[in-house]
Amino acid sequence: MKQYTVLTLFPDMILQAFSHSILARAQKEGHIHIDAVDIRAFSKNKQKHIDDYPYGGGAGMVMQAQPIYDAYQSIPHEKKGRFIYLSPQGKTFTQKIAQELSKESNIVFLCGHYEGVDERVLEELCAEELSIGDFVLTGGEIAAIAVIDAVARLVPNVLGKEESFQEESFSYGLLEYPQYTRPPVFMGRAVPDVLLSGHHANIEKWRKEQSILRTKQKRPDLLK
């Protein structure tokens with residue numbers, strides 16, 4: 001079973017996100033387990049503050065090292081693994097990285113807030129940094145949810161059929177071909193004849209051509 005643990009200020013946000021649909025079923029069946037650790041519970045401050053003013057001045061607050069470090073240390077040894085900090089300064093998350101991470105047995109994610117976290121705890125815990133794009137969120141929880149979702153669905157038996165993700169966008173460096181379902185005609189637009197032909201070789205050829213064409217039109221950078 002794959003274990004994903006999230007260090008966060010909002011554990012309910014993480015747990016509720018995975019209490020529905022495919023990943024909820026995958027947890028029930030024992031393929032994955034997602035847990036959340038409340039960083040604020042490890043604050044030694046009477047008011048349970050976990051942030052303070054940055055040394056050197058500047059706007060905003062910085063998350064303190066001690067609560068994060070203690071929260072990480074509370075995780076049982078057998079559930080510790082790669083430690084990933086969701087940060088706009090990190091390496092851009094891709095499908096290739098998702099495939100790599102799906103092979104890991106244990107991953108711990110850190111969700112930052114405010115102006116970030118004390119650099120020393122990242123150094124002490126040898127954090128890897130990942131970004132889901134060149135934009136800033138109010139916290140790392142949304143990014144953590146996105147990464148876990150992309151990674152966990154690649155774990156064997158989570159989706160049921162391997163083909164479910166093998167032909168998706170980015171799995172082979174191309175965008176996915178267009179999809180159709182009933183009715184055969186909608187608002188005067190008909191499903192391409194080849195998809196109704198039952199000729200599997202022609203269908204596969206058409207889908208490959210459409211993937212290349214769609215990638216050329218929408219994401220030509222991928223073709224390079």
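Throughout, numbering of the chain's residues begins at 1 and tracks the sequence.
- Around the CD atom of Gln179, the shell of radius 6.0 Å holds more than 12 heavy atoms that belong to other residues, nucleotides or ligands.
- More than 12 heavy-atom neighbours from other residues, nucleotides or ligands sit within 6.0 angstrom of CG on Asp221.
- Few gaps surround OH on Tyr180; more than 12 heavy atoms of other groups in view lie less than 6.0 Å from it.
- You'll find the side chain of Ile107 stays beyond 4.5 Å of the side chain of Val147, heavy atoms only.
- Note that the CD1 atom of Ile68 and the CG atom of Leu9 stand 8.0 Å from one another [nearest 0.5 Å].
- Rounded to the nearest 0.5 Å, atoms CD1 (Ile34) and CD1 (Ile14) are 9.0 Å apart.
- Between Lys208 and Glu204 the shortest side-chain heavy-atom distance does not fall below 4.5 Å.
- The distance from atom CG of Leu23 to atom CG of Leu159, rounded to the nearest 0.5 Å, is 8.0 Å.
- Contact of the Ile75 side chain with the Leu7 side chain is registered, since non-hydrogen atoms from C-beta on lie closer than 4.5 Å.
- Remark: Tyr55 OH is loosely packed, at most 12 non-hydrogen atoms of other residues, nucleotides or ligands lying under 6.0 Å away.
- Within the structure, side-chain hydrogen bond (donor to acceptor under 3.5 Å, both in side chains) contacts touching residues 68-88 (residues at least two apart or in different chains) are Gln66-Asp70, Tyr69-Gln73, Gln73-Lys80, Arg82-Glu100, Arg82-Glu104, Arg82-Glu128, Ser87-Glu129.
- Looking at every heavy atom in both residues, Gly60 comes nearest to Pro54 through O-CD, 3.3 Å.
- The shortest distance between side-chain heavy atoms of Ile39 and Met63 falls below 4.5 Å.
- A distance of 14.0 Å separates CD1 of Ile148 from NZ of Lys2, quoted to the nearest 0.5 Å.
- Counting only heavy atoms from C-beta outward, the side chains of Leu86 and Leu137 never approach each other to under 4.5 Å.
- Rounding to the nearest 0.5 Å gives a distance of 11.0 Å between NZ of Lys44 and CD of Gln64.
- Looking at Arg40 and Asp38, no side-chain N of the basic residue comes within less than 4.0 Å of a carboxylate O on the acidic one, giving no salt bridge.
- At least one side-chain heavy atom of Val37 sits under 4.5 Å from a side-chain heavy atom of Phe42.
- Using a 3.5 Å distance cut-off with no hydrogens or angles, the side chains of Gln3 and Thr5 do pair a donor with an acceptor.
- Remark: Glu176 CD to Ser211 OG distance equals 7.0 Å, nearest 0.5 Å.
- Between Val158 and Glu29 the shortest side-chain heavy-atom distance does not fall below 4.5 Å.
- Side-chain atoms of Phe93 and Val151, non-hydrogen and from C-beta on, do get closer than 4.5 Å to each other.
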